[in-house]
2 protein chains.
Amino acid sequence: MRSYGQFCGLARSLEVIGDRWTLLVVRQLLIAPARYRDLAEGLPGIATNLLADRLRNLEAAGVVERRLAGTGSVVEYALTPWGAELRGPIESLIRWSTPLMVRGPEGDSFRAEWLTLAVPALLSARVEVRTPAAIGLEVGGPPLRLSVTDSGVEVVPHDGRALDATLRADPAHLLGLAAGAFTLDDARALGLLAIDGDEAAVRAAFAA
Amino acid sequence: MRSYGQFCGLARSLEVIGDRWTLLVVRQLLIAPARYRDLAEGLPGIATNLLADRLRNLEAAGVVERRLAGTGSVVEYALTPWGAELRGPIESLIRWSTPLMVRGPEGDSFRAEWLTLAVPALLSARVEVRTPAAIGLEVGGPPLRLSVTDSGVEVVPHDGRALDATLRADPAHLLGLAAGAFTLDDARALGLLAIDGDEAAVRAAFAA
DNA sequence: CCGCATCCTCATGGATACTG
DNA sequence: CAGTATCCATGAGGATGCGG
């Protein structure tokens with residue numbers, strides 16, 4: 001990226017993460033450290049040369065580090081501590097995007113893993129009191145678990161542990177619910193989502 | 001901007017504000033509504049065709065609106081309510097940029113008005129208890145006033161009102177102080193800044 | 001296979017001149 | 001003053017190649 005030549009924090013940030021695709025690469029690594037192939041899968045549409053270029057630049061800037069995963073010679077990419085601090089800006093942009101998401105997927109590709117960032121970003125900005133709960137999320141793709149604890153909200157791949165309830169919906173409606181754009185009752189009356197198990201737990205988690 | 005084709009809030013945000021220069025245009029309008037000429041001045045380095053293009057796109061996206069300022073036929077650009085909500089993401093990126101700012105200007109251009117975003121972004125994330133105060137800031141360029149009230153922290157052009165104190169420093173040191181990167185005592189011992197008036201007010205404002 | 005590098009084509013950005 | 005028009009440089013996208 002060519003320099004803006006401005007002594008301004010925003011301009012300096014954009015010189016690091018302002019290139020096309022760059023922040024989406026960070027998004028993927030915020031979901032989990034990953035190999036090149038996983039990144040290419042999680043970033044539908046990216047050209048392989050661009051992915052390689054972005055990873056190189058992010059590493060040079062100190063946002064990403066290459067490391068050897070597991071036992072052997074498998075290269076893995078992960079965020080540095082400073083890179084991981086991009087969670088704040090990214091969650092902030094996800095919240096800002098709510099008006100852009102309500103129109104639904106419209107043929108765009110979707111991966112359930114993206115919800116691991118979006119749902120906590122939307123919920124934690126809106127729900128103040130937290131009742132601990134574990135809620136399964138089925139939105140198409142691998143099942144997820146929304147985990148509400150005293151220390152915060154997170155969404156992780158579901159590993160078969162015990163759940164208080166399970167919520168099944170399409171991604172757009174789950175996001176709308178997390179954003180508080182409509183109520184759980186309305187959504188359910190319209191058949192947009194289904195709940196199994198302890199409904200009160202779901203209601204508390206979404207403050208709906 | 002070409003679509004990423006991903007049903008993800010971050011991707012959809014970047015389709016609106018991800019183009020080069022775009023978020024810097026928003027920065028300028030967050031400082032104050034402005035005419036074309038003011039924007040060109042506040043965005044050193046931008047080409048006129050790009051500024052016109054970005055304003056067109058931002059208007060089409062609903063982030064910016066053109067309006068007639070004052071009495072007559074003078075066109076002015078301002079953020080829509082949704083556009084103004086980009087303050088959160090932008091402040092978040094400014095905080096993230098702290099490690100990029102400590103190396104100083106290095107020949108980059110600087111405008112005092114950029115501090116009206118940066119200083120509150122850094123201070124309000126770090127200082128919890130607020131003692132109301134009005135502190136003049138002299139950093140090169142037009143004088144500013146840091147205004148601390150119960151409701152928040154803001155930096156505005158100084159209009160000659162009464163001040164509790166005045167702080168003179170170069171931009172990099174003021175940012176370091178606002179970020180808590182070093183203490184007021186250290187900075188002053190090194191001759192990096194000077195205070196006139198009520199020193200305790202300055203100390204309280206910066207929690208130093 | 002996986003992890004890129006190369007090559008080519010087309011879109012976008014940048015600098016500057018110009019116009020209503 | 002507020003932009004357009006133009007022309008050149010750079011970067012993105014897509015296909016393919018290639019070494020480990």
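In what follows, chains are A, B, ... by sequence order, proteins preceding strands, each numbered from 1.
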Q.
If I take atom CZ from residue A:R95 and atom CE from residue A:M101, how far apart are they, to the nearest 0.5 angstrom?
A. 14.5 Å
(Q) Within the 4.0 Å limit for protein heavy atoms, which parts of nucleotides 14-20 of chain D are touched? Write it as a string from 5' to 3', B for base, S for sugar-phosphate only, - for none. (A) B------
Q: Provide, to the nearest angstrom, the distance between the CG atom belonging to A:D53 and the P atom belonging to D:dG13.
A: 11 Å
**Q.** Gap between atoms CG and P, on B:L51 and D:dA2 respectively (whole Å)
**A.** 11 Å
Q | Gap between atom CD of A:E113 and atom CG of A:L30 - 0.5 Å precision | A | 12.0 Å
Q: Any chance you could lay out the side-chain contact (heavy atoms from CB on, under 4.5 Å) test for B:D198 and B:I135, step after step, and finish with the verdict?
A: CA-CA 9 Å; B:D198 181 359; B:I135 297 167; over 6 Å; no
**Q.** Of A:Y4 and A:R66, the one whose closest DNA chain C nucleotide lies more 5'
**A.** A:R66
Q.
Closer than 4.0 angstrom, basic N to acidic O: yes or no for B:R35 and B:E76?
A. no
Q | Rounded distance in Å - CD (A:E15) to C1' (D:dG11) | A | 17 Å
Q: Please round to the nearest 0.5 Å and tell me the distance separating atom OG1 of A:T22 and atom CZ of A:R27.
A: 12.5 Å
Q: Please determine if B:R145 and B:D159 form a salt bridge, counting it only when a charged side-chain N lies under 4.0 Å from a carboxylate O.
A: yes
Q: With rounding to the nearest 0.5 Å, note down the distance linking SG in B:C8 to CG in A:L100.
A: 11.0 Å
Q: Give the first and the last nucleotide of DNA chain C, reading 5' to 3', that has any atom under 4.0 Å from a heavy atom of chain A.
A: C:dC2 to C:dA15
(Q) A:S3 vs A:E15, test: side-chain hydrogen bond (donor to acceptor under 3.5 Å, both in side chains). Steps then yes/no. (A) CA-CA 6 Å; A:S3 170; A:E15 287 171 10; 3.1 Å; yes
Q. Is the Lys NZ or Arg CZ of A:R20 less than 6.0 Å from the centre of B:Y4's six-membered ring, within 45° of the axis?
A. yes
Q: Measure the acute angle between the ring planes of B:F182 and B:H173, then classify it against the limits of 30° and 60° as parallel, tilted or perpendicular.
A: perpendicular
Q) What parts of residues 19-43 of chain B reach DNA chain D, counting only heavy atoms under 4.0 Å away? A) B:R35, B:Y36, B:R37
